Amino acid sequence: MVELAAAIEALRAELTTAVEQGRSRQMQFRLEPIELTVQAAVTKEANGKIGWSVLGLGGKWEAAVTQTLTLRLSPVWQSKDGTLTTDFTISSATASGDTVGPHS
């Protein structure tokens with residue numbers, strides 16, 4: 001099992017890699033809200049902390065303790081000045097060269 005936060009971080013890392021690899025590609029993709037569906041188990045530790053763990057391939061838990069979570073994630077891009085924007089693409093080719101991030 002993997003913690004839910006770790007699963008989301010892995011998705012973020014994969015998308016970041018896609019951004020960097022897409023810089024020189026003719027076909028571009030605009031990031032829209034991302035829907036992530038996972039099978040998760042609710043856990044409660046001895047100290048009362050409740051956590052969500054994502055089941056891996058072949059992971060088995062009783063149906064009574066598993067949940068299907070559908071998360072709708074809206075990606076944003078943080079500019080160097082710290083502002084966030086939703087207006088960006090994985091990459092785009094312009095006359096001045098390849099760009100990644102917010103539209104100018």
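Keep in mind that what you see is a predicted model, and the values were worked out from it rather than measured.
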**Asked** Do Leu36 and Val42 belong to the same hydrophobic cluster, where Ile, Leu, Val, Met, Phe, Trp and Tyr are linked whenever their side-chain heavy atoms lie under 4.5 Å apart, directly or via other members?
**Response** yes

**Request:** State the CD-CG distance between Gln78 and Leu84, to the nearest 0.5 angstrom.
**Result:**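 Those atoms lie 5.5 Å apart.
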
**Item:** Considering all heavy atoms, the nearest Pro75-Glu32 contact
**Value:**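 For Pro75 and Glu32, the tightest heavy-atom pair comes out as CD-O, 3.5 Å.
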
**Side chain to side chain, Ser74 and Thr86, heavy atoms closer than 4.5 Å** =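 Not touching, per the 4.5 Å side-chain cut-off.
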
**Prompt:** Considering residues at least two apart in sequence or located in another chain, which fulfil the side chain to side chain donor-acceptor pair (under 3.5 Å) criterion with Thr83?
**Reply:**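 For Thr83 the side chain to side chain donor-acceptor pair (under 3.5 Å) partners, ignoring immediate neighbours, are Asp81.
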
Show me the donor-acceptor pairs within less than 3.5 Å that the side chains of residues 5-12 make with the rest of the protein, sequence neighbours left out.
unit_1, atom_1, unit_2, atom_2, d
Glu9, OE1, Arg12, NH1, 2.2

**Request:** Check the pair Glu3 / Ser53 against side chain to side chain donor-acceptor pair (under 3.5 Å), numbers first and verdict last.
**Result:** CA-CA 4 Å; Glu3 291 183 358; Ser53 297; over 6 Å; no

